[in-house]
Amino acid sequence: MSVRVRFAPSPTGFLHIGSLRTALYNYLFAKHHGGTCILRIEDTDRTRLVDGAIEEQISSLAWAGVVFDEGPHVGGNYGPYTQSERFDLYRTYGMQLVDNGTAYYAFDTSEELDAMRQRQQAAGIAPKYDRSSMRNQYTLGEQETARLLADGAAHVIRLKVPLTTDVRFHDEIRGDVVVNGREIDDQILLKSDGFPTYHLANVVDDHLMEITHVIRAEEWLPSTPKHVLLYEAFGWNAPTFAHVPLLLNPDRSKMSKRHGDVMVRDFAAKGYFPDALVNFVALCGWHPGGDNEKFSMEDLIAAFSLERVNKAGAVFDYKKLEWMNGEYLKSRDPHELATALMPTLEQRGFVYIEPSFVADVITLLRERVTFLKDIAEFGDYLFGDTLCELTSDQIATITGNESVLAALRAFHAGFSAATLTDEATFKAHAQASAEQAGIKIGAMMKPLRLVLSHRDVGADLYRTLQLIGAERCSQRLASFLS
RNA sequence: GCACCGUUCGUCUAGGGGUUAGGACACCGCUCUUUCACAGCGGUAACACGGGUUCAAUUCCCGUACGGUGUACCA
């Protein structure tokens, strides 16, 4: 049987980084096994829908390289892939359970349910639907139930959980899990608005779409027994379950904003490379063994297995992610990077710049920054002639010492395009200029850098001057010295 | 509260009955260097605790502690 997995988000907002990882694991698992990866939209909570969320999530996923073989946007033989378009299906299947005695009608109002929970809390017992005292098919009797239904009374369908039998299932990551029936609530399957809850819709769709492996976040582990019960009630075989560990905040709670970016689009906007993010996030909770940490999508697909997914949650380390991004920045082809940087440069007003020049600048500066777009800022003195303001400290560094100024004048005086033909010539000229003013070459370099770039730090000066070009260097020296 | 899941350096992790417990990020130091970086070299730093089982346990079992998740007509 070929592998079929699904990623099933709710369109309630932007794509969360944790969701990306769950989607990624599904994708990797499917591709590793030559299987099918499906996108299904779980929009059964009509109150939480967010406009445009589906499109945003799909595009965030696509940005990261997670694409689907089936889904609302690409079609497939198991559609529709949006649950609201499968509305009638769930009622039909829900009724099937009522008919076979594994689910039942209940008529309680939310106030009555609240009161029940309060009573239970006061009595110190776990809040759970009390089938024997609430208003449902069993306490009301068949006749009254039929009458209420005929009157169109608001009602829900609840799962009839066996009172004391153990529910057991195997999780690929966690092993065998056993939960006693008395711990499991009579979950609502069909809400009074006619929509299914997650649990019903999820099980029905996973079965109908022939899902073989349910790979989802650990937060679903506690409700899995309900799903197992549902499969049994329908007489269906349950898929294989695999609950992946959570992504965590530094305080080890479930990852959320507050501690940093959590939406995939935030990472994209910040300038992370999609493959760096994917590489990093794949390694949060999974490791193929060995010392390698760089994995392309192809590598990940080849290496991925559920057996090597960890059990414990992983704190999301933004620092290490930055390092990872830097690694990608350093290993990428400069010409490709130049193309990617062009829009940013244009935004900053640097137009008519040769891509090959940009590539040279990237090669020169990329070891010093984390993000590609940082180069537009960090190398502004290379791209344009409007330099940032010098601080008073910086001015003092240059003009505070008469010898330094003398060295700069000497440097300027003998400076020409020929000075930059090779590094030795440049060095010799700088050396001579410093000596003439009676200072060491080291004492002149920083002031020289400041005059030409208005920055304290930067790349190797010889290469920097070369890229600025002899003419612009001369102009900058002249305008400062005058 | 109850249920479930988890616990190797600060963080991500490798490992696995006998190891100097390995790597990476971060941090510190050194080297290189006109600066900042990069790179190279080196360093600090971990098997939560208590019982078993065993010749031997960080590794297997059981408890405890701690943490997380769940406990909705949300997913």
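In the text below, chain A, chain B and the rest are named by the order of the sequence lines, each starting its count at 1. All values below come from the heavy atoms of this structure, side chains included, with hydrogens, waters and symmetry mates left out. In this text, all values refer to a predicted model and were calculated from it rather than measured experimentally.
In terms of phosphate contacts, A/T44 brings a side-chain nitrogen or oxygen within less than 4.0 Å of OP1 or OP2 of B/rA75. Between A/R48 and the phosphate of B/rA75, there is no side-chain N or O to OP1/OP2 separation shorter than 4.0 Å. Remark: A/R463 is not in phosphate contact with B/rU34, judged by side-chain N or O atoms under 4.0 Å from OP1 or OP2. For B/rU34, the OP1/OP2 oxygens have no side-chain nitrogen or oxygen of A/R455 closer than 4.0 Å.
Taking atom C1' in both B/rA57 and B/rG52, the straight-line distance is 11 Å, to the nearest Å. To the nearest whole angstrom, the two C1' atoms, one in B/rG17 and one in B/rC25, are 31 Å apart. Straight-line distance between the C1' atoms of B/rA46 and B/rU20: roughly 15 Å, to the nearest whole Å. On the P atoms, B/rU59 is 36 Å away from B/rG40, given to the nearest whole Å. Using atom P as the reference point in both B/rC32 and B/rC49, the two lie 43 Å apart (nearest Å). Distance noted for atom P between B/rA24 and B/rU64: 39 Å (whole Å). Across the P atoms, B/rG67 and B/rU11 are found 15 Å apart, a figure rounded to whole Å. Distance noted for atom C1' between B/rC60 and B/rG70: 30 Å (whole Å).
Using a 4.0 Å heavy-atom distance criterion, A/D45 is classed as a sugar-phosphate-only contact. Nucleic acid contact class of A/D108 (heavy atoms, under 4.0 Å, all strands): base. When heavy atoms are screened at a 4.0 angstrom cut-off, A/V178 is found touching the sugar-phosphate backbone but no base atom. Here A/G285 lies in heavy-atom contact (under 4.0 Å) with sugar-phosphate atoms only. If you check every strand for non-hydrogen atoms under 4.0 Å, A/S192 touches a base.
Ring orientation note: the planes of A/F107 and A/H155 are tilted relative to one another, at an angle of 30° to 60°.
For the pair A/Y25 (side chain) and A/A282 (backbone), a donor-acceptor distance under 3.5 Å is present. With hydrogens and angles ignored, the 3.5 Å screen pairs a side-chain donor or acceptor of A/D422 with a backbone N or O of A/T425.
In this structure, A/D251 places its CG atom 17 Å from P of B/rG10, rounding to the nearest Å. Distance CZ (A/R252) to C1' (B/rU11): 9 Å, rounded to an integer number of Å. One interatomic measurement links the two molecules: CD1 of A/I184 to C1' of B/rC4, which rounds to 11 Å at whole-angstrom precision. Whole-Å rounding puts the A/F316 CZ to B/rG10 C1' distance at 17 Å. Rounded to whole Å, atom P of B/rA14 lies 11 Å from atom NZ of A/K311.
The side chain of A/H199 lies closest to B/rA75 when the candidates are B/rA72, B/rA75, B/rC5. Between B/rG22, B/rU11, B/rC4, one nucleotide has an atom nearer to the side chain of A/L221 than all others, and that is B/rC4. Nearest to the side chain of A/Y198, among B/rA75, B/rU11, B/rC36, sits B/rA75. In this structure, the nucleotide among B/rA24, B/rC4, B/rG6 sitting nearest to the side chain of A/W323 is B/rA24. Taking only side-chain atoms of A/E218, from C-beta outward, the nucleotide of B/rU11, B/rG23, B/rC5 with the closest atom is B/rC5.
Inspection of the A/H243 and A/T224 side chains reveals an N or O donor paired with an N or O acceptor under 3.5 Å.
Applying the salt bridge (Lys or Arg N to Asp or Glu O under 4.0 Å) rule to A/D151 yields the partners A/R147; only residues at least two apart in sequence or on another chain are considered.
Nucleotide B/rC73 forms no Watson-Crick or G-U wobble pair with any nucleotide shown, as no partner meets the under 3.5 Å limit on both distances.
In this structure, the ring of A/F68 has its center no less than 6.0 angstrom from the ring center of A/Y81.
On a pure distance criterion of 3.5 Å, no polar donor-acceptor pair joins the side chain of A/T197 and the base of B/rC73.
Here salt bridge (charged side-chain N to carboxylate O under 4.0 Å, His left out) pairs that include residues 124-140 of chain A, with residues two or more places apart or in two chains, are A/E112-A/R135, A/R131-A/D186.
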